[in-house]
2 protein chains.
Amino acid sequence: MANLQDVAKAAGVSKTTVSRFLNGSLELPDRTVQQIETAIRALNYVPNPHARRLSLGRSDTVALVVPDIATPFFATFVSAVEEAADARGLTLALHATLNRSRREMKYLDFIAHGHADGLIFVTNHASDAAVAAKINAAGRCVVVDEDVVGAEVPKLFCDNLQGGALAGRHLAEAGHRHVLFVGGVEEMISGARRYQGFRRGFEQCAGPQARIDRICGQYTYEAGHAAARRFLQSDPRPTAIFASSDELAIGTLEVLREAGVSVPREVSLIGFDDVGPLHLFAPAITAVRQPVRDLGRRALELVFDSDWKDREKLHSEELLPVRLIARESVAPPIRTT
Amino acid sequence: MANLQDVAKAAGVSKTTVSRFLNGSLELPDRTVQQIETAIRALNYVPNPHARRLSLGRSDTVALVVPDIATPFFATFVSAVEEAADARGLTLALHATLNRSRREMKYLDFIAHGHADGLIFVTNHASDAAVAAKINAAGRCVVVDEDVVGAEVPKLFCDNLQGGALAGRHLAEAGHRHVLFVGGVEEMISGARRYQGFRRGFEQCAGPQARIDRICGQYTYEAGHAAARRFLQSDPRPTAIFASSDELAIGTLEVLREAGVSVPREVSLIGFDDVGPLHLFAPAITAVRQPVRDLGRRALELVFDSDWKDREKLHSEELLPVRLIARESVAPPIRTT
DNA sequence: GCGATCTTGTGAACCGGTTTAGTAAACTAG
DNA sequence: CTAGTTTACTAAACCGGTTCACAAGATCGC
């Protein structure tokens with residue numbers, strides 16, 4: 001592999017000249033330009049990325065830390081971030097934490113130690129003070145999708161409050177008065193906001209007879225199964241379920257179907273996320289759609305376009321709008337009379 | 001940020017000593033060890049990754065090049081590679097090509113220029129001689145999932161022949177004699193092998209009345225729609241469909257359902273991949289399952305455990321076994337009599 | 001008592017860029 | 001004709017590690 005020195009020698013100039021020419025910090029007469037360009041082509045010269053990074057003190061890399069990669073939501077998110085990173089000439093370093101604080105901390109150190117110029121941090125569990133402290137110490141880190149309390153950095157979420165409210169109103173408008181909210185673990189801010197919004201929207205619309213049951217767990221298929229099983233045993237049964245993630249909705253539907261409970265005839269179902277092929281299920285599932293790709297794009301902008309010197313203004317919170325996609329899984333409740 | 005020099009000074013030894021001690025190439029008496037360790041802790045020293053990489057001439061990074069990240073198949077694959085990479089202390093650099101040769105070539109250059117120590121290359125379109133040439137020039141690159149003709153590197157595929165055969169025999173054994181094969185673009189090796197295996201398995205089992213129709217397109221929902229529409233117009237209609245990817249199967253099912261064609265009563269359906277929640281569809285879709293996570297794990301092993309000096313032995317091809325997951329979407333054909 | 005060997009290191013080169021500070025030569029203005 | 005400016009470049013330091021080649025002092029065998 002040819003290096004800058006080789007190019008300089010072949011072009012009859014010094015290293016400095018070639019380097020500065022390539023970086024645009026030096027104007028040169030045509031003849032010299034041509035000599036350099038000829039040398040570069042002849043030697044097939046490409047700058048050594050490690051030398052460059054050492055010298056410049058940056059890595060041209062964004063680290064992306066997510067709980068998991070394989071789920072549709074995160075896969076879509078990762079895809080959007082990669083696209084935005086590539087557009088800026090950045091490499092994406094991808095890390096999965098499997099929702100473990102240890103790993104989260106490890107990857108947060110990565111950026112502090114220079115492995116990446118910026119970090120997009122997504123967690124999926126209740127806030128952890130140690131993680132928050134590391135985030136604050138890491139520099140150039142943004143928190144996305146799920147809040148980390150105590151972290152004073154730019155934050156980007158979907159409008160979970162609005163999303164919950166849309167779902168609540170939708171069910172109330174269809175005539176439901178007794179509904180079940182299936183959420184993530186109770187300590188998670190996103191879930192809490194969805195619940196809060198749901199409750200507000202539902203109660204505002206359904207009036208004084210409104211009744212909401214609530215089951216909390218993980219955002220997984222299994223938790224969906226468990227919730228549906230508890231639903232089946234409950235008496236009286238709610239007439240509609242708001243499952244606050246795709247996985248929960250799918251898991252719920254799976255158990256309902258096995259039990260022979262017809263959706264939406266016997267129970268209505270509404271999901272959240274809408275990144276999987278919910279429209280292909282039987283019935284097609286009504287859901288609140290998160291703008292996942294926007295989330296990814298915007299996250300990258302926040303990392304690289306924020307003013308990181310001004311610690312005061314950093315601690316911001318941005319919400320992206322969600323909308324309801326109405327399909328076939330919500331219908332008026334059966335008359336129990 | 002403290003550097004090696006600072007640590008050396010604080011410990012009262014030289015840079016060399018600290019470096020060699022940390023890399024295990026120098027035995028030291030307890031007293032010195034303690035001085036060094038104290039200094040490291042006091043200064044919170046962590047080696048600068050860029051300096052390390054420049055000096056060592058490696059990047060501790062694997063590049064993973066895939067057509068897309070957001071589809072369940074690739075997302076699962078990426079997840080498995082990341083897990084395996086992390087276990088080896090490697091960082092994963094993820095790149096999406098969106099199936100464009102330009103981008104594929106660009107990322108193949110990445111490894112040649114030292115951005116990564118190895119590259120796992122996955123394409124999704126017909127072989128391209130220019131791409132093959134770059135792969136051969138890149139060094140430490142393995143080709144996974146879809147063949148690139150002309151590339152003389154380790155290759156890793158699922159046993160598409162066997163997978164096709166399993167599907168073919170399954171349909172034949174259910175009594176079908178006229179079936180439709182929905183495949184990817186005709187030039188893709190993986191698809192060709194699936195067809196070849198399907199044909200062999202089906203004909204061997206179904207005997208002389210066996211008849212196979214074939215539709216080719218992309219591995220997308222849309223292609224599944226198109227194939228199903230053509231299926232609906234065909235006369236006589238095949239009694240079963242083998243859709244050779246999850247997307248094709250889902251797309252096909254979607255159109256069939258809209259058209260009111262009952263699966264499996266009026267037509268049987270069998271899929272391929274089985275990484276999405278095929279078991280949740282109505283009906284649950286029978287499919288050939290690819291061992292996607294094994295594919296990822298093994299790909300990483302091939303990159304880092306192959307002997308890259310011996311160009312002769314490199315050009316190998318490894319097949320991972322697949323199996324059939326029987327669910328509800330295959331039934332005997334209706335008697336036309 | 002003396003060379004050999006072991007212990008415990010070290011100085012300086014090297015990886016391949018970027019950048020600061022500065023210079024020789026040509027040109028311009030008065 | 002000369003001082004001042006512009007053009008066209010460069011030497012050397014720097015980023016922060018790794019490693020080759022070598023060495024001072026202690027110990028050991030005979």
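So that the names make sense, note that chain A is the first sequence line, chain B the second, and so on, each numbered from 1. From a predicted model like this one, the values you see are computed outputs, not experimental measurements.
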Legend entry - A/R297/A/D294 salt bridge by N-O under 4.0 Å criterion: yes

Legend entry - Close approaches to DNA chain C from residues 6-13 of chain B, in residue order (heavy atom, under 4.0 Å): B/V13

Legend entry - Pair B/E152 + B/R311: basic N to acidic O under 4.0 Å: no

Legend entry - Within residues 86-101 of chain A or reaching into it, pairs that qualify as salt bridge (Lys or Arg N to Asp or Glu O under 4.0 Å) - sequence neighbours excluded: A/D86-B/R103, A/D86-B/K106, A/R88-A/D305

Legend entry - Counterpart residues, side-chain hydrogen bond (donor to acceptor under 3.5 Å, both in side chains), relative to A/S306 (two or more places apart): none

Legend entry - Side-chain (A/D6) to main-chain (A/N3) donor-acceptor, under 3.5 angstrom: yes

Inset, instruction - Could you walk me through whether B/H95 and B/E104 pass the side-chain hydrogen bond (donor to acceptor under 3.5 Å, both in side chains) test, one step at a time? - result: CA-CA 9 Å; B/H95 302 286; B/E104 293 181 341; over 6 Å; no

Compile the donor-acceptor pairs under 3.5 Å between side chains in residues 30-49 of chain B and protein atoms, sequence neighbours left out, one pair per line.
{"from": "B/T38", "atom 1": "OG1", "to": "B/Q34", "atom 2": "O", "distance (Å)": "2.6"}
{"from": "B/N48", "atom 1": "OD1", "to": "B/H50", "atom 2": "N", "distance (Å)": "2.7"}
{"from": "B/N48", "atom 1": "OD1", "to": "B/A51", "atom 2": "N", "distance (Å)": "3.0"}

Legend entry - side chain to side chain contact (heavy atoms under 4.5 Å, CB included) against A/E318, all qualifying residues, sequence neighbours excluded: A/L156, A/R298, A/L302, A/L320

Inset, instruction - Answer yes when A/D117 and A/R140 have at least one side-chain N-carboxylate O distance shorter than 4.0 Å, and no when they do not. - result: no

Legend entry - Validation row: A/T97, A/Y107 side chains within 4.5 angstrom (heavy atoms): yes

Inset, instruction - State which residues pass side chain to side chain contact (heavy atoms under 4.5 Å, CB included) with A/A126; sequence neighbours excluded, sorted by chain then number. - result: A/E187

Inset, instruction - Report the distance from atom CG of A/D30 to atom C1' of D/dT7, rounded to the nearest whole Å. - result: 14 Å

Legend entry - Rounded distance in Å - CZ (B/F21) to P (D/dT18): 13 Å

Legend entry - Sidechain N-carboxylate O distance under 4.0 Å for B/D147, B/K155: yes

Inset, instruction - Please check the phosphate of D/dT10 (OP1 and OP2 only) for any side-chain N or O of A/S14 closer than 4.0 Å. - result: yes

Inset, instruction - To the nearest Å, give me how far apart CG (A/L28) and C1' (D/dT7) are. - result: 10 Å

Legend entry - Residues that B/E312 engages under salt bridge (charged side-chain N to carboxylate O under 4.0 Å, His left out), provided they are two or more places apart: none

Legend entry - Results of side chain to side chain contact (heavy atoms under 4.5 Å, CB included) for B/A70 - residues two or more places apart only: A/T76, A/S79, B/D68

Legend entry - Pair B/R20-B/S25, side-chain donor/acceptor within less than 3.5 Å: yes

Please list, pair by pair, any protein nitrogen or oxygen found under 3.5 Å from a nitrogen or oxygen in nucleotides 25-28 of chain D.
none

So which protein N/O to nucleotides 19-24 of chain D N/O distances come out below 3.5 Å?
{"from": "D/dT19", "atom 1": "O4", "to": "B/T16", "atom 2": "OG1", "distance (Å)": "3.0"}

Legend entry - Contacting residues from residues 31-52 of chain B, given that a heavy atom lies under 4.0 angstrom of DNA chain C: B/T32

Legend entry - Leading and trailing nucleotides of DNA chain C with any atom under 4.0 Å from heavy atoms of chain B: C/dT8 to C/dG16

